[in-house]
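See below for the structure under consideration.
Residue numbering restarts at 1 for every chain, and letters A, B, ... go by the order of the sequence lines.
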Number of protein chains: 2
Amino acid sequence: MGLQQPRTRIQQKNRETILDAALEVFAQHGFRGATLDMIAAQAGLSKPNLLYYFPSKEAIHVTLLSQLMDTWLDPLRDLDADGDPIAELRAYVRRKLELSRDYPRQSRLFANEIVQGAPRMQTALATDLKALVDEKSAIIAGWSKAGRIADVDPHHLIFSIWALTQHYADFDVQIRAVLGPARDPLAEAEGFLDTLFARLLAP
Amino acid sequence: MGLQQPRTRIQQKNRETILDAALEVFAQHGFRGATLDMIAAQAGLSKPNLLYYFPSKEAIHVTLLSQLMDTWLDPLRDLDADGDPIAELRAYVRRKLELSRDYPRQSRLFANEIVQGAPRMQTALATDLKALVDEKSAIIAGWSKAGRIADVDPHHLIFSIWALTQHYADFDVQIRAVLGPARDPLAEAEGFLDTLFARLLAP
DNA sequence: CGTCCGATTGACCATTTGGTCAAAAACCAA
DNA sequence: TTGGTTTTTGACCAAATGGTCAATCGGACG
């Protein structure tokens, strides 16, 4: 039937179960690599039952992506023009790295989507995301002009934060393969990135 | 039949055509998202003809991945213990960024593979790649200890170079969506990254 | 020209996969 | 208990897809 708004407790619960299972499967296999059977198995439900709660495989995917954008941009939204510039930017890096640590599946889902050309997010990127980044870039540019941080291109500064933090989630297997066991990449990254941005931003 | 070594000129040419087409398709859609029909269409050949030159879809993919590793690691291999530390590392960043500019499809192919858990590269990562990175990390650690560059974790320094340079290829659509047209991300990145690493590495 | 071997393809096959549907089961209010 | 509503599922379908194969084509060489 394709329920729009969950009405009962069981609907609420099953929709969440499905979305969590789908996140797992989509993040690991990409949209086309994931099958409804995989998601159903992961969720402990039958395939027709999935399609009772969501009208299609794509609907599940789209639901995940739109949930994602919100969570993902929250830390950037928090960037406060009235705060201390260095502290604000460091806090942004730290929060972003926490997302990579706590929600690696979301990060990989996003990476899959972007690497493949963002077929289902193009407009969101060019509107919402661009607007937010432009706004925050203006703030950063102001800080630069006021001599409160070093003179760096604000857009590329933001890109570098994204690249560095998401790398630890998206390329986790590579990093662990290189570091070997008995090391904690995410914990080490926190100190490294803090140093990196401190040196980059110091006026 | 599954030809091992190209013997004739036409085999040589068609194998190259197929690999180029497959790179295009795999990079954009991932392994499972790519179909033999897509690759055949892109290559201008019939599907059975593909399978005359390669025994299976997976064989094409594997061939691409192994070619990739070589190209990808060359710049790191060039890192010379006897050169000037800052110059060597800057050159590495620049070469890596050139790869992102000139071979974005390879970068995305690699990203697809790693994000999805590197099912076909695990061992290569844990052996060849790890060995090379460990070797070069030792060199960098030596430079740090000698006070010729700042004291940074060599492994994470290398990760940061990978993250920053590959980001411009892998997340190209996102970056362009945010920057808007009329800007040249890769050209701008060169200056930005040069500054970033100069400040990070200065003793 | 004719022959032989590498190159090409149309037709076909088995499996996978997203999705449907009618019927059964579970649930719930009266 | 009963009647109606929601939830679940086994059986099924059409399309897509990786791969096979016998047959045909084409060019180089004698």
Q: Write out all pairs satisfying salt bridge (Lys or Arg N to Asp or Glu O under 4.0 Å) with one or both partners inside residues 157-170 of chain A, taking only residues at least two apart or from two chains.
A: none
**Q.** Verdict with supporting geometry, His155(A) and Glu188(B), side chain to side chain contact (heavy atoms under 4.5 Å, CB included)
**A.** CA-CA 10 Å; His155(A) 284 95; Glu188(B) 299 173 13; over 6 Å; no
Q | Close residues, residues 18-31 of chain A, relative to DNA chain D [heavy-atom separation under 4.0 Å] | A | none
Q. Between Phe54(B) (CZ) and dT8(C) (P), how many Å, whole number?
A. 13 Å
**Q.** Selected nucleotide, minimal atom distance to Leu36(B) side chain, candidates dG18(D), dT17(C), dA7(C)
**A.** dG18(D)
Q. Which residues satisfy the side-chain contact (heavy atoms from CB on, under 4.5 Å) test with Asp37(A), sequence neighbours excluded?
A. Thr35(A), Lys47(A)
Q: Please report, rounded to the nearest Å, how far the P atom of dT17(D) is from the CE atom of Met38(B).
A: 7 Å
Q | Pairing of Asp20(A) and Arg105(A) as salt bridge, 4.0 angstrom limit | A | yes
Q) Taking only side-chain nitrogens and oxygens of Arg32(B), does any of them come within less than 4.0 Å of OP1 or OP2 of dT17(C)? A) yes
Q) For the pair made of CD in Gln11(B) and P in dG27(D), what is the distance, rounded to whole Å? A) 16 Å
Q: Find the distance between CD (Glu135(B)) and CZ (Arg77(B)) and round it off to the nearest 0.5 Å.
A: 10.0 Å
Q: Output the single nucleotide from dT8(C), dT8(D), dT6(D) whose closest atom is nearest the side chain of Asn49(A).
A: dT8(D)
Q. Taking only residues two or more places apart in sequence, or in another chain, which ones meet Asp134(B) in a salt bridge (charged side-chain N to carboxylate O under 4.0 Å, His left out)?
A. Lys130(B)
Q. Atom CG of Leu51(B) and atom P of dT17(D): how far apart are they, to the nearest Å?
A. 15 Å
**Q.** Interface with DNA chain C, restricted to residues 39-48 of chain A and to heavy atoms under 4.0 Å
**A.** Lys47(A), Pro48(A)
Q: Check the distance between dT16(C)'s C1' and Asp37(A)'s CG and give it to me in whole angstrom.
A: 9 Å
Q. Whole-Å distance between dC21(D) P and Leu50(B) CG?
A. 17 Å
**Q.** For the student: nearest non-hydrogen atoms of Arg120(A) and Leu65(A), plus distance
**A.** CB-CD1, 4.0 Å
Q: Figure out the NZ/C1' separation between Lys57(A) and dA16(D), and round it to whole Å.
A: 12 Å
Q: Using side-chain contact (heavy atoms from CB on, under 4.5 Å) as the criterion, list what pairs up with Ile139(B), not counting sequence neighbours.
A: Ala81(B), Lys136(B), Trp143(B)
Q) Are any of the side-chain nitrogens in Asp194(B) or Arg90(B) under 4.0 Å away from the carboxylate oxygens of its partner? A) yes
Q. For Lys13(B) and dG6(C), what is the distance between atoms NZ and C1' respectively, to the nearest whole Å?
A. 14 Å
(Q) Base, sugar-phosphate or nothing for Ala34(A)? Non-hydrogen atoms, less than 4.0 Å. (A) sugar-phosphate
Q) Is Asn14(B) near enough to dG6(C) that one of its side-chain N or O atoms lies under 4.0 angstrom from OP1 or OP2? A) no
Q) Counting side-chain heavy atoms from C-beta on, which of dA7(C), dG19(D), dT17(C) comes nearest to Tyr52(B)? A) dA7(C)
